Amino acid sequence: MNPFSSGTRLRDMIRSIRACKTAAEERAVVRKECASIRAAVSDNDNDYRHRNMAKLMFIHMLGYPTHFGQMECLKLIAAPGFPEKRIGYLGLMLLLDERQEVLMLVTNSLKQDLNHTNQYIVGLALCALGNISSAEMSRDLAPEVERLLQFRDPNIRKKAALCSIRIIKKVPDLAENFVNPATSLLKEKHHGVLLTGIQLCTDLCKVSTEALEYLRKKCTEGLVKVLKDAVNSPYAPEFDISGIADPFLHIRLLRLLRVLGHGDTDASDCMNDILAQVATKTESNKNAGNAILYECVETIMSIEDSSGLRVLAINILGRFLSNRDNNIRYVALNMLMRAITVDSQAVQRHRVTILECVKDSDASIRKKSLELVCLLVNENNVMSLSKELIDYLEVSDQEFKGDLTEKICSIVEKFSPEKIWYIDQMLKVLSVAGNYVNDEVWHALIVVISNASNLHGYTVRLLYRAVQLSGEQEILVRVAVWCIGEYGEMLVNSMGMLEKEEPITVTECDAIDVIESAYKQYTTDLTTRAMCLVALLKLSCRFPSSSQRIQDIIAQNKGSLLLELQQRSIEFDSILQKHQNIRSALCERMPVLDESAYSGRRAGSLQAAVSTSQGAVLNLSNGVGKPSAAPLVDLLDLSSDETPVPNSSGNDFLHDLLGVDLSIGSTQTGTNQAQKSGADVLMDLLSIGTLPSQSSLSSLDGLSSSKDNSASIDVLEDLSSHTTLPVQASTASGGFPMMDLLDALPPSEKKREDSGPTYPSVVAYESSSLRITFNFSKQPGNVQTTLVEANFVNKSSNAYADFIFQAAVPKFLQLHLDPASSNVLPASGNGSIIQKLRVVNSQHGKKSLVMRIRIAYKLNDKDVKEEGQISNFPPGL
């Protein structure tokens, strides 16, 4: 016999394929076998049709095309014998899917087999229909399947229930036809039928609200009784798994009860006792018992409020955290993250165990437990939790330090009770893992330090000690360099000592040594080295006796290959040698940085750059007007892409020194108008570059009557002795006083910014469960822009999860929404969510503000939406 004739058995073909040593040999064997099968199909070989189909299915599983055998499946299904039908239906399920049009031809055969007198043939048809039925087939054959749900044989009823699940998923309109038959299956004693019946009821509840209400009223008590019987059932060998009788039945029952109890108080009350019994009686030393306990916890957390049960459920999750199985601990952490929004106090009891999970060797458990710890932190426990996390940061793995550092910084910043504690904790983090800290974090630290005037001496001494011990942490060195440059005299003179401090002796040389060593150590980092040069320039005023040494250090870099450092060194050297009269003004301490403005930028409320056409000005608390890029980006982050590009020539070195964008200014006196570059004025001021023309000098208000260039320059060079300066350089858009930026004038002579009009707060929206209050403010000099702070308060007794606020405005308005402070709104007014908005009214003075709003949130896992319109904005916005 030909070894590849259609009469060969399947096992002979498998042996031939396995004997192949290469893929090419295997393809050759498969091609020959497929050729023989095609020949048999053409000859209409009935004797070996089922054998050929078996071989064809094996070839299909190897990945070769077998579409030419699809019609053979239909012929086998139409055959009268059970062996042929078995192979035909198996081939149908393997070779075809619901997208094949040829399935339309098998619908009639399926209908005949569903009505067959042989229950095994009926079972074959149900299996095929449950696997590949399309919507059309489901609609046509649904009556037969519904009838088979009452068939005498339990195996047929079980398969019919599984087939019904596919039918209602394909055609949800047919769900109501299966409600009554599915309800009758819940009374079955056969576990297989009962399992499939419970699953059918669960899917009916998902696709039909009417079915859910019907089953909730008619079947809740019966299901509770079934679960109670399952919990208290005696030992049964056929269902026993690890000493638990049929855990699969337990799990299916709990999932259905979860669906029925969600949102219904009566149904939840009915199942409270049995859930408590399951939670307390189930053994947790085997995986089957843990699976039941997990589903029980899921059900307790999903049904209506029962505080005692929820505490019991959270305690079960706490026990899961002590389990040696990583999978069990991970699902427990996931569930606790959901439970904390419902009962945070119960979760807090397991804080110690959760902290231990942060130190776990499994990376996924570490990350998930760290997220949970961040949710647990509040004003009461922030000190203890942050201490634990910082202690672990010292010994944590390198790949985990980044995430851990970010979370610690976020916790400390959000919940710090006082500034000294915040500074202490941040310096600990910088000392241990400073290289993992983001730029925004240390920028924010410097902002806080600048605002804590009573802690300047304490902070600079703390940083000096930290650098001696952890000099390899670059971010720590940056903060230390900045503080020594600003408050160096407090370090040397031990000013501002606190009671808890230990005395420390630091000389001027020691302070300069720290900066010099940092400059030499970080040779590849431009930002750190540039900050060191700025700090040295400032220390030249703080330490007059060491001025020559500082000048020598700066002069060494006048030939640096890095243009930034070379330019700074040349400019700073020029200031030290030629311009002693203004050096003290240039090297004064930084003005106090506005914490709220910088925090707003970090939250995305301030733009990173300013359009010169709009000329937006941010008013800081010290009265200095500055483009709305972050102060520290301009002053410290020299490599940042957000630093504004200067409009003046390359000789404008004060732009680099102070981060000030000196644009072209203009003044007007009477009918005479003249323009002059602010950068040129400063170059004249410091005798750098070419001298200005007489016409250029005439643009200076108050000096315009002078016709003599030298006299004007004398006045400018003697600037430091004057109490008034009638020189103004303003941006093209009306910008800011230049000398305010240089901070060279006495405070009494600085230009004060108008605070602008005030507007009353309004209750923008109020319902039975929610109140929204708007607080308004204006940007000085920009009447079209309104800053709105929205405050959301929950008046109901249930917390709102996934809280989202949306707003829409007419075309003449532009709206920008910043991220909200949280997405969980606490219940009963025990907290609020704050979100900032910025509205630009292009028709200011002509049209008033109006806004449509939509609020979406989840209440007990149900999506809720509220909408409204706000028209009661105060006039003048």
Side-chain angles (χ1 to χ4, degrees), residues 227 231 250-251 254-255 257-258 261-263 265 268-269 271-287 289-360 364-378 380-382 384-385 388 797-802 824 826-828 830-831 858-861:
L227 181 56
V231 172
H250 283 78
I251 290 171
L254 288 168
R255 288 180 180 175
L257 289 174
R258 182 190 317 161
H262 182 70
T265 306
S268 300
D269 291 341
M271 61 185 75
N272 280 344
D273 292 341
I274 186 59
L275 291 176
Q277 190 174 349
V278 173
T280 53
K281 281 193 172 184
T282 306
E283 296 182 11
S284 59
N285 55 352
K286 295 296 177 67
N287 200 46
N290 287 327
I292 294 174
L293 287 173
Y294 176 76
E295 292 296 335
C296 183
V297 171
E298 281 262 27
T299 304
I300 291 171
M301 303 305 294
S302 299
I303 64 175
E304 291 308 294
D305 285 342
S306 176
S307 57
L309 269 182
R310 297 205 171 182
V311 172
L312 177 61
I314 292 172
N315 289 340
I316 292 172
L317 296 176
R319 292 205 307 270
F320 280 0
L321 293 179
S322 303
N323 198 293
R324 290 178 297 177
D325 192 324
N326 287 344
N327 295 323
I328 293 176
R329 281 187 289 169
Y330 187 83
V331 297
L333 290 168
N334 262 334
M335 182 63 67
L336 284 170
M337 292 185 70
R338 290 169 50 190
I340 196 171
T341 59
V342 180
D343 192 345
S344 60
Q345 193 61 38
V347 181
Q348 289 282 358
R349 298 191 188 102
H350 304 280
R351 189 170 65 236
V352 176
T353 310
I354 296 169
L355 273 172
E356 289 300 317
C357 291
V358 176
K359 306 171 185 178
D360 195 85
S364 59
I365 291 178
R366 287 202 307 261
K367 187 173 182 180
K368 186 62 65 175
S369 57
L370 183 59
E371 293 176 9
L372 181 55
V373 167
C374 292
L375 295 177
L376 287 174
V377 177
N378 54 39
N380 299 324
N381 60 22
V382 62
S384 58
L385 283 178
E388 292 280 351
S797 58
N798 296 314
Y800 297 161
D802 297 342
V824 177
S828 305
N830 295 326
K858 284 190 175 180
L859 176 60
N860 296 325
D861 288 338

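This one's a predicted model, so the numbers in the text were calculated from it and none came from an experiment.
Looking only at side-chain heavy atoms (C-beta outward), Arg366 and Lys359 stay at 4.5 Å or farther from each other. For the pair Glu298/Arg255, no side-chain contact is recorded, criterion being any heavy-atom separation below 4.5 Å from C-beta on. With contacts defined as side-chain heavy-atom distances shorter than 4.5 Å, the pair Leu336/Leu321 qualifies. Looking at heavy atoms from C-beta onward, Thr353 lies in side-chain contact with Ser322 at the 4.5 angstrom threshold. You'll find the side chain of Glu388 stays beyond 4.5 Å of the side chain of Val352, heavy atoms only. Contact of the Asn323 side chain with the Arg319 side chain is not registered, since no non-hydrogen atoms from C-beta on lie closer than 4.5 Å. Within the 4.5 Å cutoff, side-chain heavy atoms of Phe320 are placed close to those of Asn290.
Remark: side-chain polar atoms of Thr341 are paired, donor with acceptor, to backbone N or O of Arg338 under 3.5 angstrom. One N or O on the side chain of Ser384 and one on the backbone of Asn381 form a donor-acceptor pair closer than 3.5 Å. The backbone N or O of Val311 lies less than 3.5 Å from a partner atom in the side chain of Asn315, making a donor-acceptor pair. In this structure, Glu304 contributes its side chain and Ser268 its backbone to no donor-acceptor pair below 3.5 Å.
Between Ala346 and Asp343, the closest heavy-atom pair is N-OD1, 3.2 Å. Here the shortest heavy-atom pairing between Ile292 and Leu254 reads O-CD1, 3.7 Å. Nearest heavy atoms, Ala313 versus Ile300: CB-CG2, 3.9 Å. In terms of heavy-atom proximity, Leu312 sits nearest to Ala279 at CD2-CB, 3.7 Å. Closest approach of Ser364 to Tyr330, counting heavy atoms only: O-CE1, 3.8 Å. Counting all heavy atoms, side chain and backbone alike, Ile303 lies closest to Arg310 at O-NH2, 2.9 Å.
Distance CG/Leu275 to CG/Leu257: 6.5 Å, rounded to 0.5 Å. With rounding to the nearest 0.5 Å, the separation of CE in Met335 from CD1 in Ile316 is 11.0 Å. Once rounded to the nearest 0.5 Å, the distance linking CD1 of Ile251 with SG of Cys296 reads 11.0 Å. Taking CD1 of Ile340 as the reference point, atom CD of Gln345 lies at 10.5 Å (rounded to 0.5 Å).
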Item to complete: Any chance you could lay out the salt bridge (Lys or Arg N to Asp or Glu O under 4.0 Å) test for Glu356 and Arg329, step after step, and finish with the verdict?
Response: CA-CA 12 Å; Glu356 289 300 317; Arg329 281 187 289 169; over 6 Å; no
Item to complete: Would you check, one step at a time, whether the test salt bridge (Lys or Arg N to Asp or Glu O under 4.0 Å) holds for Glu295 with Arg258?
Response: CA-CA 9 Å; Glu295 292 296 335; Arg258 182 190 317 161; 2.4 Å; yes
